[in-house]
Amino acid sequence: MKYLLIILFALVVVPKNSFGQPVPKGTEIQELVWVSEVYAHIPNLCFSMKYTYADSLYPATILDSTLLNCKLSKGKSFSSNS
């Protein structure tokens with residue numbers, strides 16, 4: 001369940017400069033379910049996400065950034081940020 005929340009967070013809080021695959025509007029939950037079913041029991045799946053935080057008045061001004069590392073294996077998850 002924890003990995004589903006991580007994936008949900010990653011898809012809902014999408015940065016402006018996203019390099020991911022576009023999801024048709026209205027099918028976001030279906031995509032989350034599909035992703036969670038496909039990757040639920042794959043051993044040793046790892047991915048990283050980089051978040052950049054920008055000023056709301058000046059979006060080109062980056063205020064901070066962080067890197068999140070996620071590891072999923074057989075229904076268990078581990079995440080850390082640096």
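Inter-residue side-chain proximity for Lys50 and Thr52 is flagged as met; some heavy-atom pair is nearer than 4.5 Å.
Atoms CG and OH, on Leu63 and Tyr53 in that order, are 11.0 Å from each other to the nearest 0.5 Å.
Other residues sharing a hydrophobic cluster with Ile62 under the 4.5 Å side-chain heavy-atom criterion for ILVMFWY residues do not exist; the residue is a singleton. Leu57 belongs to a hydrophobic cluster whose other members, connected by ILVMFWY side-chain contacts under 4.5 Å either directly or through intermediates, are Tyr58.
Under the side-chain hydrogen bond (donor to acceptor under 3.5 Å, both in side chains) criterion, Ser48 pairs with Asn69, not counting sequence neighbours.
Between Pro59 and Ala54, the shortest heavy-atom contact is O-CB, 3.3 Å.
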